[in-house]
Trainee: 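The structure under discussion is supplied below as structure tokens; questions concerning it will follow.
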Number of protein chains: 2
Amino acid sequence: MNNIFASLPEDLGAEVFEDIVRSDTVRIERIVSRGHSSPVDGWYDQDENEWVMVLQGSGRLLFETGREVNLGAGDCINIPAHTRHKVDWTDPDRPTIWLAVFYR
Amino acid sequence: MNNIFASLPEDLGAEVFEDIVRSDTVRIERIVSRGHSSPVDGWYDQDENEWVMVLQGSGRLLFETGREVNLGAGDCINIPAHTRHKVDWTDPDRPTIWLAVFYR
């Protein structure tokens, strides 16, 4: 991928997750959503830490604690491993592009 | 840092490097340049791999092989460890914001 805003998936019937970099210790992912929330049931409960930024569009994270975080372009947050959370809402009117770095 | 475009350094007399995330295996950095090239002498020759993206502004990388790569907003490139390179040029008229992920 040479430009993070290019080659967006045409079919956004589901969220699209694409690896940009994958090594033993780090994974950099582009996630494109449009009106999705995820996971469908329950919470993400990840073995890795995740640093995530919205590059375009907007979304809202919900944590099991009840904390809500709205994210627009440039907003970023660090989610320690096993911090239960979900993507509660993303803009239904245009693609939201996330950059996520998963690391140990 | 809650927004990657916010709290830009006022003094851009030199490039400004800020850690966003630092763990044993990964370092996520914001770099803000304005008309700088770097390093001043010679080449970057890094022990870590670097994935880097321009978020705002524009810059040009030069590799020891002679390859030049112009980067604008959203453009990204993976630079394997010990690939000698430099930042040859950045826009003198406005800050260029880079996101760099260094990893093993």
Side-chain angles (χ1 to χ4, degrees), chain A residues 1-9 18-32 46-61 63 67-83 85 94-104, chain B residues 1-9 18-32 46-61 63 67-83 85 94-104:
Chain A
M1 189 180 303
N2 294 323
N3 188 289
I4 203 84
F5 300 112
S7 308
L8 292 190
E18 295 161 277
D19 280 353
I20 301 173
V21 164
R22 192 179 193 108
S23 82
D24 290 346
T25 55
V26 70
R27 188 161 41 89
I28 304 177
E29 221 174 58
R30 181 177 77 171
I31 305 166
V32 185
Q46 301 165 157
D47 291 336
E48 297 164 304
N49 307 296
E50 177 182 358
W51 179 82
V52 65
M53 173 166 55
V54 167
L55 291 166
Q56 174 188 296
S58 53
R60 184 175 62 236
L61 299 181
F63 292 85
R67 179 185 176 209
E68 289 184 348
V69 180
N70 289 292
L71 300 169
D75 289 331
C76 44
I77 189 170
N78 193 49
I79 305 171
H82 298 297
T83 302
H85 67 285
R94 58 176 177 158
T96 293
I97 303 178
W98 310 75
L99 181 78
V101 182
F102 298 88
Y103 63 99
R104 298 283 171 179
Chain B
M1 188 179 304
N2 295 322
N3 188 289
I4 203 86
F5 300 113
S7 308
L8 292 189
E18 295 160 278
D19 280 353
I20 301 174
V21 163
R22 191 179 193 106
S23 81
D24 289 347
T25 55
V26 71
R27 188 161 41 90
I28 304 177
E29 221 174 58
R30 182 177 77 171
I31 305 166
V32 184
Q46 302 165 155
D47 291 336
E48 298 163 303
N49 308 297
E50 176 182 358
W51 180 82
V52 66
M53 173 168 55
V54 168
L55 291 166
Q56 175 188 295
S58 53
R60 184 174 62 236
L61 300 180
F63 292 85
R67 179 186 176 208
E68 289 185 347
V69 180
N70 290 292
L71 301 170
D75 288 333
C76 43
I77 188 170
N78 193 50
I79 305 172
H82 298 297
T83 302
H85 68 285
R94 57 175 177 158
T96 294
I97 304 177
W98 310 75
L99 181 79
V101 181
F102 297 89
Y103 63 98
R104 298 282 172 179

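The chains referred to below are lettered A, B, ... by the order of the sequence lines, with proteins before strands, and numbering in each begins at 1.
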Trainee: If you look at every heavy atom in A/P9 and A/R30, which pair is closest and at what distance?
Mentor: CD-NH2, 4.0 Å

Trainee: In terms of heavy-atom proximity below 4.5 Å to chain B, should A/I97 be classed as side chain, backbone, both, or neither?
Mentor: neither

Trainee: Need one label for A/D75: side chain, backbone, both or neither, based on atoms under 4.5 Å from any heavy atom in chain B.
Mentor: both

Trainee: Is there side-chain contact between A/R67 and A/H85, with at least one heavy-atom pair below 4.5 Å?
Mentor: no

Trainee: If you count heavy-atom pairs under 4.5 Å with chain A, which of B/D24, B/I28, B/N78 comes out on top?
Mentor: B/I28

Trainee: So which part of B/S23 gets closer than 4.5 Å to some heavy atom of chain A, the side chain, the backbone, both or neither?
Mentor: side chain

Trainee: Decide yes or no for A/V26 and B/N49: does some side-chain heavy atom of the first lie under 4.5 Å from some side-chain heavy atom of the second?
Mentor: no

Trainee: As an exercise, state the distance from CD of A/E48 to NE2 of A/H82, rounded to the nearest 0.5 Å.
Mentor: 9.5 Å

Trainee: So which part of B/L55 gets closer than 4.5 Å to some heavy atom of chain A, the side chain, the backbone, both or neither?
Mentor: side chain

Trainee: Measuring heavy-atom distances to chain A, does B/L71 have an atom under 4.5 Å in its side chain, in its backbone, in both, or in neither?
Mentor: neither

Trainee: Could you pull out the closest heavy-atom pair between B/G57 and B/V54, with the gap in Å?
Mentor: O-CG1, 3.5 Å

